[in-house]
Undergrad: 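Here it is, the structure in full.
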Number of protein chains: 2
Amino acid sequence: MSTYPPFAVAVDLAVFTIRDGALAVLLVERGEEPYAGSWALPGGFVEPDEDAEQAAWRELREETGMERFPGHLEQLKTYSAPDRDPRMRVVSVAHVALAPDLPEPSAGTDAADARWWVVDDLLEGRDDLDGPALAFDHRQILLDARERVRAKLEYTTLATEFVAEPFTLPELRRVYAAVWGAPPDLGNFRRKVLGTEGFVVPTDVRGQATEAGGRRALLYRRGPAQVVSPPMARG
Amino acid sequence: MSTYPPFAVAVDLAVFTIRDGALAVLLVERGEEPYAGSWALPGGFVEPDEDAEQAAWRELREETGMERFPGHLEQLKTYSAPDRDPRMRVVSVAHVALAPDLPEPSAGTDAADARWWVVDDLLEGRDDLDGPALAFDHRQILLDARERVRAKLEYTTLATEFVAEPFTLPELRRVYAAVWGAPPDLGNFRRKVLGTEGFVVPTDVRGQATEAGGRRALLYRRGPAQVVSPPMARG
DNA sequence: CCAAAAGTGTTCCGTATACACCCATGA
DNA sequence: TCATGGGTGTATACGGAACACTTTTGG
């Protein structure tokens with residue numbers, strides 16, 4: 001029979017939102033060693049009386065400062081390399097969260113600072129100064145998280161988690177544009193969303209016009225549908 | 001700053017194969033409390049110098065008695081409910097493994113017995129005697145694992161992991177029939193597999209005829225392709 | 001009346017679907 | 001030559017790709 005080696009179990013969070021037409025992720029600046037001064041995904045240890053998902057919701061509330069986090073949360077993958085944390089053996093259950101555009105976050109208790117970063121600036125290895133290198137194995141976690149989000153937009157209704165209700169179809173289309181890098185074809189997009197029963201439910205209200213004028217778009221709310229079949233076409 | 005509560009970290013394995021035209025999973029009969037005499041997914045604790053995936057490969061070799069397990073392994077999900085193990089706080093990183101038809105397994109060191117079970121007999125809640133109830137939260141893990149396999153067959157080439165090389169297309173088609181409950185349309189199936197570059201690579205050899213005669217099918221090997229786009233149609 | 005943004009329609013074409021039909025083999 | 005299983009062909013229709021066009025609103 002094997003021994004029962006002691007581990008610490010943590011959760012790490014890749015919290016995504018759409019800011020200025022780009023996919024953005026919440027990072028915190030670490031105040032303590034190791035990696036003091038580096039930027040990392042928010043996270044923390046799982047408490048004795050909670051499971052990983054509850055720990056993730058708790059961290060989400062703490063880091064965003066919101067009583068009730070208004071978005072989607074799901075488990076991503078568990079990272080367990082023996083040397084991923086130099087202090088001790090830490091296994092991290094990574095999660096992905098999606099939220100509509102949120103206010104600038106405030107620094108948490110154990111973080112020096114917290115802010116949103118454009119994901120592509122962090123991950124695309126361009127030499128001209130972009131985002132900072134990430135602490136621990138968080139670059140890999142962020143890569144996996146972005147891929148999960150990209151894939152799930154194709155065959156689920158998850159895009160609606162990135163917009164606040166009520167929302168317009170052009171708003172929703174800009175979510176796809178931000179995540180995929182290019183907007184889906186306008187006509188095909190509308191036929192897909194409106195043709196998928198339960199994707200969105202229309203209201204009889206129209207949104208505000210922009211400064212420069214233009215037709216005012218109809219407002220919608222999220223519908224009960226979860227999957228889109230066949231998948232939304234990726235530009 | 002939070003405390004660092006101690007956890008045990010384990011891996012559990014849902015090892016699938018196709019036996020007699022049905023999806024089957026490997027279970028072990030527990031020899032110790034808790035749940036002594038119950039059937040459970042094979043698994044064990046992660047050692048100090050390995051990550052979860054290495055632990056899963058090790059358990060796979062131990063449980064199947066094979067030096068080199070001839071199949072596919074991937075992480076499924078992590079289960080961490082505080083009361084999932086009555087002895088102590090155990091977090092389990094569940095994995096899914098796929099293998100071609102394997103010999104009857106031998107009982108491992110800490111298991112009283114080990115055998116294959118038809119998955120539907122374990123999961124479909126028919127009242128007439130089927131499979132046994134599973135230990136811990138392993139019924140839920142098995143449900144999630146089956147769903148992962150079903151889904152992945154649609155948009156990946158993973159079905160080839162269920163057959164031993166070289167294999168015929170009818171053999172491969174029977175994999176889909178077993179997992180989905182009904183075979184995909186013959187013509188469409190062939191066009192899909194042969195039309196997806198790198199799904200299979202043909203040999204110039206034909207397989208054996210069955211007792212009752214009939215045309216001998218061409219033999220193929222796995223190709224380098226990983227994804228099938230658009231997905232294989234689910235009956 | 002013009003620009004900007006929302007929304008509609010239409011043609012083309014690949015391909016999934018469903019099903020009928022032909023080929024090879026052993027008893 | 002018949003049953004069995006492997007393999008091929010085809011009419012239909014759905015839906016994505018691309019793009020032109022119409023409608024509504026503010027300046």
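Numbers restart at 1 for each chain; the letters A, B, ... are given by sequence-line order, proteins then strands. What you see below is based on every heavy atom in this structure, not just the backbone, and it leaves out hydrogens, waters and symmetry mates.
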Undergrad: In terms of side-chain heavy atoms of A:R216, which of D:dA18, C:dA18, D:dG26 is nearest?
TA: D:dG26
Undergrad: How close or far is atom P of D:dG6 from atom CG of B:L219, stated in whole angstroms?
TA: 12 Å
Undergrad: Could you state the atom-to-atom distance from CG of A:L186 to P of C:dA4 in whole Å?
TA: 17 Å
Undergrad: Using whole Å, report how far CG of B:L169 lies from P of D:dG5.
TA: 17 Å
Undergrad: In whole angstrom, what separates A:Q208's CD from C:dA6's P?
TA: 13 Å
Undergrad: Taking atom P of C:dA5 as reference, at what distance in whole Å does atom CZ of A:F189 sit?
TA: 17 Å
Undergrad: Give a yes/no answer on whether the side chain of A:K192 brings an N or O atom under 4.0 Å of OP1 or OP2 in D:dG16.
TA: yes
Undergrad: When you measure from the side chain of A:T196 to the backbone of A:V193, do you find a donor-acceptor pair of N or O atoms at a distance under 3.5 Å?
TA: no
Undergrad: Could one point to a donor on the side chain of B:R215 or the base of C:dT25 with an acceptor on the other under 3.5 Å away?
TA: no
Undergrad: Take B:P231 and A:L218, find for each the nucleotide of DNA chain C with the closest heavy atom, and name the residue whose nucleotide sits nearer the 5' end.
TA: A:L218
Undergrad: Return the value, rounded to whole Å, for the distance between atom CZ of A:R173 and atom C1' of C:dA5.
TA: 11 Å
Undergrad: I want to confirm an ordering. Mapping B:N188 and B:P170 to their closest nucleotides on DNA chain D, which one lands closer to the 5' end?
TA: B:P170
Undergrad: What's the CE-P distance between A:M232 and D:dA17, to the nearest Å?
TA: 11 Å
Undergrad: Return yes when atom CD of B:Q226 has more than 12 non-hydrogen atoms of other residues, nucleotides or ligands closer than 6.0 Å, and no otherwise.
TA: no
Undergrad: Using a 6.0 Å distance limit plus a 45 degree cone around the ring axis, check whether B:R61 lies over the aromatic ring of B:W57.
TA: no
Undergrad: Could you check A:G187 against A:E171 and say which one's nearest nucleotide on DNA chain C is further toward the 5' end?
TA: A:E171
Undergrad: For salt bridge (Lys or Arg N to Asp or Glu O under 4.0 Å), just list the numbers for B:E147 and B:K77, CA-CA rounded to whole Å, side-chain angles, deciding distance to a tenth of an Å, and then say yes or no.
TA: CA-CA 12 Å; B:E147 191 49 41; B:K77 189 180 171 184; over 6 Å; no
Undergrad: So A:R206, base contact, sugar-phosphate only, or nothing? Heavy-atom distance under 4.0 Å.
TA: sugar-phosphate
Undergrad: Picking from C:dT8, C:dA18, D:dG16, which would you name as closest to the side chain of A:R191?
TA: D:dG16
Undergrad: Check this for me, if you would: do B:E63 and B:R115 make a salt bridge, where the nitrogen-to-carboxylate-oxygen distance has to be below 4.0 angstrom?
TA: no
Undergrad: On DNA chain D, nearest-nucleotide positions of A:D185 versus B:A217: which is more 5'?
TA: B:A217
Undergrad: Report yes if at least one side-chain N or O of A:R190 is closer than 4.0 Å to OP1 or OP2 of D:dG16; otherwise report no.
TA: no
